[in-house]
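The structure's right below; bear with me while I get my questions together.
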Amino acid sequence: MEPESENRDLVHVEASSTPETETDTDIARLIRKVGTPSIAEIEKLIGELQETKNFLQSEGDRIERETARYLKLTRMASASVKIIFDTVSG
């Protein structure tokens, strides 16, 4: 079993059961104390990854537009060179 699924199982068991003894209450409190910062850190990382994904997508779009622009300029320059060559050689 992978550690990730073990953690999910622990959270599920903890969330679905009600503490019956003082020890159970202490354990539940300890699990929340340990788990809460981890969950907050994971949510923070997910947010950062989403921002990075959005940035990379926008950069990909920008590069695509720039590439199309340079291709058009290259075609125009080639056509101009051909015209100049034909004029000079004729």
In this structure, CD of Glu51 is separated from CG of Leu56 (nearest 0.5 Å) by 12.0 Å

Spacing of Ile42 atom CD1 and Lys44 atom NZ [to the nearest 0.5 Å] = 13.0 Å

With no hydrogens and no angle check, is any side-chain donor or acceptor of Thr36 less than 3.5 Å from a backbone partner on Lys33?
-> no

Heavy atoms of other groups near Glu64 CD, more than 12 under 6.0 Å | no

Atom CD of Glu22 and atom CD1 of Ile27: how far apart are they, to the nearest 0.5 Å?
-> 11.5 Å

Answer yes or no: is there a side-chain heavy-atom contact under 4.5 Å between Lys82 and Asp86?
-> yes

What is the distance from atom CD1 of Ile63 to atom OG of Ser58, rounded to the nearest 0.5 Å?
-> 9.5 Å

Hydrophobic cluster mates of Ile84, side-chain heavy atoms under 4.5 angstrom, ILVMFWY only, any path?
-> Val88

Give, for atom OG1 of Thr67 and atom CZ of Arg62, the distance between the pair rounded to the nearest 0.5 Å.
-> 9.0 Å

Measure the spacing between CD of Glu41 and CD1 of Ile46 and express it to the nearest 0.5 Å.
-> 11.0 Å

Looking at residues at least two apart in the chain, or sitting in another chain, which of them share a side chain to side chain donor-acceptor pair (under 3.5 Å) with Asp61?
-> none

